[in-house]
Amino acid sequence: MSGEFIAFFILSLLTIGGAVFMISFTRVVHMVISLGITFISIAGHFVLLGAEFVGVSQILVYSGAISILMLFGIMLTKHDANDEGTGNTWKNRFVLVFVAALFGLLFWGIQNAPWQAPAQQAAEQSMNNAKEIGIEVFTKYVIPFELLSVLLLVCLVGAIIMAKKEGDQQ
Amino acid sequence: MMVSISSYLMVALILFCVGLYGALTKRNAVIVLISIELMLNAVNINLVAFSKFGLHPGVTGQIFTLFTMTVAAAEVAVGLAILIALYRNKETVNVDEMDQMKR
């Protein structure tokens, strides 16, 4: 039992526990809170995997921005809403069977795949993680990066236009 | 005891299945969006795990994760804007009452 394994176990428990509580709660606000726990422990997984920059981005974007955005979405609609599901039990059972079948198939695939050890293990500690990501993003992936900035701009304008009140055009 | 890649893939698989179940059965549209975020996060765990334990370790998986995060944030912003516009017109956030195109 190394420290890495203990940390992985606790983080996995928090991740899956948050997700399962998210599904089983009925109050919508409680769902978002338990989702925040899931997001933070996923950031812990990233740090454990040696991706510190992605972990910090996960905390900033997901547990900071998206959870708050979801809370705003709930507050601007029905903020004391309960979600009892669709109430259609036949559909729920069918979905449960489908998801369980998918889980079984992928579980079997993961357990039976021959995972090979990485080719070179020690070569990745040579540089700082954030510096490595920065060099790679601004040399090899510079066009996707610029396209992403255009996407964010379009999304900003589109979200403002759609959420604006209709009828007050002056 | 070393944590192997299949443990990380297991966590991601469970997260993905929970998200899929929530997205298909929940009634509130905000919760459906949240479940889709859970599925995207499961994929992010897979990408980062393969960028460490894959056949060619590197930062490519982490960069893909950053791109996925950006697209997910854009998706949530537009989705909530649509939801708020719909709530203003229809006074509902339940996905089974959004059936104008069926009538």
Side-chain angles (χ1 to χ4, degrees), chain A residues 1-2 4-5 8 12 15-16 19-20 22-23 28 31-32 35 38 42 45-46 49-51 53-54 57 61 65-66 69-70 73-74 76-78 81 83 85-86 92 95-96 99 102-103 106-107 110-111 115-116 118-120 124 132-133 136-137 141 144 148 151-152 155 158-159 162-163, chain B residues 1-11 13-15 17-22 24-28 30-31 33-34 37-38 41 44-45 48-49 51-60 62-63 65-67 69-74 76-78 80-85 87-88 93 96:
Chain A
M1 291 288 271
S2 64
E4 189 194 1
F5 184 76
F8 172 78
S12 307
T15 308
I16 296 168
V20 170
M22 198 280 281
I23 290 299
V28 174
M31 286 176 168
V32 178
L35 190 80
T38 304
I42 287 173
H45 274 299
F46 288 163
L49 280 165
F53 185 75
V54 180
S57 312
V61 174
I66 289 185
L69 202 62
M70 289 295 180
I74 289 167
L76 287 177
T77 54
K78 278 183 185 153
D83 191 348
T86 43
N92 280 12
V95 166
L96 191 64
V99 170
L102 183 74
F103 178 82
L106 291 178
F107 185 88
I110 288 172
Q111 293 298 328
W115 303 112
Q116 294 183 0
Q120 72 278 15
E124 58 178 320
E132 212 172 339
I133 287 178
E136 197 87 347
V137 163
Y141 297 101
L148 215 53
L151 172 75
L152 279 181
C155 155
M162 267 188 287
Chain B
M1 189 171 172
M2 191 65 184
V3 182
S4 65
I5 183 170
S6 47
S7 325
Y8 283 105
L9 295 187
M10 271 304 143
V11 174
L13 171 61
I14 294 172
L15 212 58
C17 286
V18 170
L20 185 61
Y21 181 75
L24 290 179
T25 54
K26 289 294 177 186
R27 199 166 171 222
N28 193 325
V30 179
I31 303 302
L33 275 177
I34 284 176
E37 291 303 309
L38 269 189
N41 261 300
N44 283 351
I45 292 180
V48 177
S51 89
K52 185 179 180 191
F53 295 112
L55 212 50
H56 303 287
V59 291
T60 311
Q62 302 178 20
I63 292 168
T65 303
L66 289 175
F67 287 166
M69 262 181 214
T70 319
V71 175
V76 166
V78 176
L80 278 180
I82 292 175
L83 198 63
I84 286 172
Y87 180 73
R88 194 175 292 132
V93 286
D96 52 352

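Residue numbering restarts at 1 for every chain, and letters A, B, ... go by the order of the sequence lines. Computed from heavy atoms alone, side chains included, the values below leave out hydrogens, waters and symmetry copies.
One distance of note links OG1 of B:Thr25 with CG of A:Leu96; it measures 9.0 Å at 0.5 Å rounding. To the nearest 0.5 Å, atom CZ of residue A:Phe46 and atom OG of residue B:Ser51 are 9.5 Å apart. To the nearest 0.5 angstrom, A:His45 atom NE2 is 5.5 Å from B:Ile45 atom CD1. For the atom pair A:Leu152 CG and B:Thr70 OG1, the distance stands at 6.0 Å (nearest 0.5 Å).
Counting only heavy atoms from C-beta outward, the side chains of A:Thr38 and B:Leu38 approach each other to under 4.5 Å.
Looking only at heavy-atom pairs under 4.5 Å with chain B, the residue among A:Ile16, A:Val32, A:Leu102 that has the most is A:Ile16. Options B:Leu33, B:Ile34, B:Ile14 differ in how many heavy-atom pairs under 4.5 Å they form with chain A, and the most are formed by B:Ile34. Per-residue heavy-atom pair counts under 4.5 Å with chain A were compared for B:Thr65, B:Val30, B:Val71, and the maximum is reached by B:Val30. Note on A:Val61, A:Val20, A:Ile133, A:Val137: by heavy-atom pairs under 4.5 Å with chain B, the leading option is A:Ile133. When A:Cys155, A:Gly73, A:Pro144 are compared by the number of non-hydrogen pairs under 4.5 Å with chain B, A:Cys155 comes out ahead. Chosen from B:Thr60, B:Leu83, B:Leu13, B:Asn44, the residue pairing most often with chain A at heavy-atom distances under 4.5 Å is B:Leu13.
Contact of A:Phe103 with chain B is made through backbone and side chain together, with heavy-atom distances under 4.5 Å. Looking at B:Leu9, both its backbone and its side chain come within 4.5 Å of chain A, counting heavy atoms on both sides. Interface residue B:Ser6: backbone and side-chain heavy atoms are both found under 4.5 Å from chain A. Interface residue B:Ser7: backbone and side-chain heavy atoms are both found under 4.5 Å from chain A. A:Leu69 touches chain B through backbone and side chain together, each having a heavy atom under 4.5 Å away. When heavy atoms are compared at a cutoff of 4.5 Å, B:Ile5 approaches chain A solely by way of its side chain, counted from C-beta outward. The parts of A:Phe107 that come within reach of chain B are both its backbone and its side chain, each placing non-hydrogen atoms under 4.5 angstrom from that chain. Residue contact with chain B, scored on non-hydrogen atoms closer than 4.5 Å, involves the backbone and the side chain of A:Ile23 alike. Neither the backbone nor the side chain of A:Ala65 comes within contact range of chain B, judged by heavy atoms closer than 4.5 Å. With a threshold of 4.5 angstrom between heavy atoms, A:Ser57 approaches chain B through its backbone and through its side chain. Looking at B:Leu80, only its side chain comes within 4.5 Å of chain A, counting heavy atoms on both sides. Proximity to chain A involves both the backbone and the side chain of B:Phe67, based on heavy atoms less than 4.5 angstrom apart. Looking at A:Leu106, the atoms closer than 4.5 Å to chain B (heavy atoms on both sides) sit in the backbone and in the side chain alike.
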message: Set out, in order, the CA-CA distance, both residues' side-chain angles and the distance that settles side chain to side chain contact (heavy atoms under 4.5 Å, CB included) for A:Val54 and B:Met69, then state yes or no.
response: CA-CA 9 Å; A:Val54 180; B:Met69 262 181 214; 3.9 Å; yes
message: side chain to side chain contact (heavy atoms under 4.5 Å, CB included), that's the test. Do A:Met31 and B:Lys26 meet it? Break it down for me.
response: CA-CA 12 Å; A:Met31 286 176 168; B:Lys26 289 294 177 186; 3.9 Å; yes
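Annotation for A:Ala19 and B:Leu15: closest pair CB-CD1, 3.6 Å, computed over non-hydrogen atoms. Minimum interatomic distance between B:Ala73 and A:Ile66 (heavy atoms only, all atoms of both residues): CA-CD1, 4.1 Å. When every heavy atom of B:Tyr21 is checked against every heavy atom of A:Asn92, the shortest pair comes out as CE1-O, 4.2 Å. Of all the heavy atoms in A:Met162 and B:Ala81, the pair that sits closest is CB-CB, 4.1 Å. A:Gly50 and B:Gln62 get closest at one heavy-atom pair: O-NE2, 4.1 Å.
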